[in-house]
Novice: 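The structure's right below; bear with me while I get my questions together.
Chain identifiers are assigned alphabetically (A, B, ...) following the order of the sequence lines, protein sequences preceding nucleic acid strands; residue numbering begins at 1 within each chain. The structure displayed is predicted, hence computed values, not measured ones.
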Amino acid sequence: MKSADAAIRLLSWYDRHHRDLPWRVSPPMARDGVVADPYHIWLSEVMLQQTTVQAVKPYFQKFLQLWPRVMDLAAADTEEVMKAWAGLGYYARARNLKKCAEAVARDHGGVFPDTEEGLKALPGIGDYTAAAVSAIAFNRQSAVLDGNVERVISRLHAIETPLPAAKLQMRALVAEMTPTGRPGDFAQGMMDLGATICTPKRPACALCPLNDDCLALKTADPETFPRKAAKKEKPLRVGAAFVASGADGAVYLQKRGETGLLGGMTEVPGTPWTSRIDGDNTIAAQPFAAPWEPCGTITHIFTHFELRLSIYRANVATQNKTGNGWWEPLASLEAQALPTVMKKAIAQAIPHAFKSRRGPLDELRNT
DNA sequence: TATGCGTGGAT
DNA sequence: TATCCAAGCAT
């Protein structure tokens with residue numbers, strides 16, 4: 001296979017089939033002289049880490065509206081950033097996003113570094129994001145390797161080495177294939193190809209611009225690539241959470257620690273999450289004495305464990321001021337930095353806590 | 001290198 | 001229902 005020819009076929013396909021995305025400068029726009037904004041590209045790439053385009057779109061628009069330039073984000077209140085990120089997941093990204101904006105403002109005069117090396121030195125920017133921003137925003141010949149490109153490349157070359165061991169080899173093959181002209185479109189084209197044609201299941205090989213180049217299609221079953229190491233099974237963890245309602249309907253909330261699971265986010269009080277139920281833990285975890293009554297359980301699936309939370313609720317006549325928490329009015333609950341699992345817990349105890357609208361919590365309320 | 005880190009949609 | 005997995009990063 002001639003890499004250069006394959007790259008030309010890929011770019012030609014991208015010209016005809018690219019998707020219009022809010023952060024993307026499509027080939028027709030580029031023809032009209034539009035250039036990519038590094039801030040937009042960086043923000044979208046961080047949001048897109050392990051996250052679908054559909055989930056990112058509304059968050060991207062909201063962030064641009066709240067903080068139009070990187071200097072605005074650098075000057076923002078971290079708590080406001082966490083609130084705006086709530087629901088998108090992987091909250092370390094939000095903490096690093098803020099740190100990165102501050103570093104760009106403080107160390108680079110508000111201008112993003114235009115090299116892979118400079119970008120990778122910033123918080124929350126790794127191999128992939130550095131290469132993507134470098135190629136897409138600065139037109140540099142960087143080898144962009146994400147999950148989509150791994151799938152495309154592993155099939156093109158029928159790579160038998162399983163991930164993640166095969167990454168270095170794959171990166172070299174992408175570097176060899178990346179053209180000097182339009183490296184950003186090439187990267188986006190490869191990712192679009194992986195997202196729409198060279199899919200994990202039932203790839204549409206008949207429509208693929210690279211089907212003549214694809215070794216897996218010639219000699220094996222493309223769907224079986226990339227090879228991957230077997231994964232571990234998900235353990236179950238259990239715990240309890242306490243939802244206290246004040247006389248005016250306010251809910252007692254507190255802030256989690258800055259690091260680790262759901263770091264920097266808001267929660268209702270509860271026990272640690274352990275492998276077995278511990279009655280002593282449950283008693284000790286009450287934020288204050290109240291007539292707690294059980295009101296069912298909720299289940300939430302995290303990346304590496306399944307959580308089953310027993311929910312307790314109580315109405316409190318006098319709003320206790322002890323502890324590190326605060327009483328949040330019902331009306332402003334939606335705007336807090338509450339991860340989805342905590343919204344589920346509150347909705348279990350107070351079914352009308354969140355406005356009824358299309359969203360993940362609707363299904364929960366109906367069960 | 002292996003593990004911890006969210007969430008929701010597709011199959 | 002169960003499983004996979006989506007434009008990864010930090011440690």
Side-chain angles (χ1 to χ4, degrees), chain A residues 19 21-24 41-60 82 85-97 99-100 119-133 135-137 142 144-152 162-168 171 174 184 186-196 198-202 223 226 228-235 237 256 258-265 273 299-307 337-344 358-364:
Chain A
R19 298 175 290 173
L21 302 173
W23 47 85
R24 172 172 288 177
I41 301 302
W42 162 74
L43 178 61
S44 68
E45 289 300 343
V46 173
M47 288 182 166
L48 285 163
Q49 290 165 7
Q50 296 288 284
T51 308
T52 58
V53 166
Q54 184 179 345
V56 164
K57 278 181 181 174
Y59 285 85
F60 176 79
M82 301 309 288
W85 195 278
L88 197 55
Y90 283 136
Y91 298 99
R93 291 185 298 171
R95 304 193 295 270
N96 285 329
L97 189 83
K99 289 181 192 165
C100 183
L119 288 161
K120 204 181 157 182
L122 293 166
I125 297 185
D127 287 338
Y128 162 75
T129 305
V133 174
I136 298 170
S142 299
V144 176
L145 184 68
D146 77 324
N148 290 302
V149 181
E150 284 172 2
R151 194 164 52 251
V152 172
L163 287 171
K167 268 198 169 184
L168 259 183
R171 188 178 303 284
V174 175
F186 175 78
Q188 294 178 89
M190 288 285 276
M191 292 190 281
D192 273 18
L193 188 73
T196 62
C198 194
T199 48
K201 306 294 180 190
R202 299 173 59 85
E223 186 174 300
K228 289 183 182 178
K231 58 189 63 168
K232 295 165 54 174
E233 67 180 278
K234 235 166 245 201
R237 291 192 199 171
R256 293 175 66 89
E258 292 300 326
T259 60
L261 183 69
L262 307 178
M265 300 295 285
W273 302 338
T299 294
H300 190 78
I301 312 290
F302 289 94
T303 303
H304 53 297
F305 65 94
E306 175 178 342
L307 176 66
L338 287 164
T340 297
V341 62
M342 292 301 159
K343 288 192 174 182
K344 282 187 185 178
R358 288 181 171 279
L361 295 176
D362 285 353
E363 188 181 349
L364 171 79

Novice: If you measure from the C1' atom in C:dC4 to the same atom in B:dG6, how many Å do you get, rounded?
Specialist: 15 Å
Novice: Are there any protein N/O atoms within less than 3.5 Å of an N/O atom in nucleotides 1-3 of chain C, and if so, which ones and at what distance?
Specialist:
none

Novice: Answer whether the closest heavy-atom distance between the side chains of A:V149 and A:V174 falls below 4.5 Å.
Specialist: yes
Novice: Would you find a donor on one side and an acceptor on the other, under 3.5 Å apart, between the side chain of A:R95 and the backbone of A:T259?
Specialist: no
Novice: Do A:Y90 and A:Q49 have side-chain heavy atoms sitting under 4.5 Å apart?
Specialist: no
Novice: Hey, does A:V56 reach any base, or is it just sugar-phosphate, or nothing, if we go heavy atoms under 4.0 Å?
Specialist: nothing
Novice: Take the protein atom CZ of A:F302 and the nucleotide atom P of B:dC5, then report the distance between them rounded to whole Å.
Specialist: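 Distance check: A:F302 CZ to B:dC5 P gives 9 Å.
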Novice: Does A:F302 form a ring-ring contact (aromatic ring centres under 6.0 Å, His included) with A:H300? I'd like the steps, not just the answer.
Specialist: CA-CA 6 Å; A:F302 289 94; A:H300 190 78; 4.8 Å; yes
Novice: With a 3.5 Å distance limit and no angle check, can you tell me whether A:R93 reaches the backbone of A:G124 through a side-chain donor-acceptor pair?
Specialist: no
Novice: Once you round it to whole Å, what is the distance between C1' of C:dC5 and CD1 of A:I301?
Specialist: 14 Å
Novice: To the nearest Å, give me how far apart CE (A:M82) and C1' (B:dC5) are.
Specialist: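 A:M82 atom CE is separated from B:dC5 atom C1' by 12 Å.
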Novice: So which protein N/O to nucleotides 2-4 of chain B N/O distances come out below 3.5 Å?
Specialist:
none

Novice: Which whole-number value in Å describes the distance from A:L338 CG to B:dG6 P?
Specialist: 14 Å
Novice: Between atom NZ in A:K201 and atom C1' in B:dG9, what is the gap in whole Å?
Specialist: 15 Å
Novice: Grab the CG-C1' distance between A:L97 and B:dC5 for me, whole Å please.
Specialist: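 Nearest whole value for this atom pair: 16 Å.
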Novice: Could you give me the CA-CA distance, side-chain angles and deciding distance for A:L21 and A:V56, then say whether side-chain contact (heavy atoms from CB on, under 4.5 Å) is met?
Specialist: CA-CA 10 Å; A:L21 302 173; A:V56 164; over 6 Å; no
Novice: If we ignore hydrogens and angles and just use 3.5 Å, is the side chain of A:T199 paired with the main-chain N or O of A:T196 as donor and acceptor?
Specialist: no
Novice: Can you confirm whether more than 12 heavy atoms, excluding those of A:I301, are under 6.0 Å from its CD1 atom?
Specialist: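 Correct, the count exceeds 12.
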Novice: Does A:E306 form a side-chain contact (heavy atoms from CB on, under 4.5 Å) with A:T299? I'd like the steps, not just the answer.
Specialist: CA-CA 7 Å; A:E306 175 178 342; A:T299 294; 3.5 Å; yes
Novice: Is any side-chain heavy atom of A:L307 closer than 4.5 Å to a side-chain heavy atom of A:K344?
Specialist: no
Novice: Quick one, give me the B/S/- string for nucleotides 6-11 of chain C, reading 5' to 3', where B means a protein heavy atom under 4.0 Å from the base and S means that only happens at the primed atoms, P, OP1 or OP2.
Specialist: BBBSS-
Novice: Using atom C1' in both nucleotides, what's the gap between C:dG8 and B:dT1 to the nearest angstrom?
Specialist: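 My reading of the C1' atoms in C:dG8 and B:dT1 gives 16 Å.
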Novice: Closest nucleotide of DNA chain B for A:A165 versus for A:G87: which of these residues is on the 5' side?
Specialist: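 So the residue in question is A:A165.
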Novice: So do the side chains of A:L43 and A:W23 get within less than 4.5 Å of each other, counting heavy atoms only?
Specialist: no
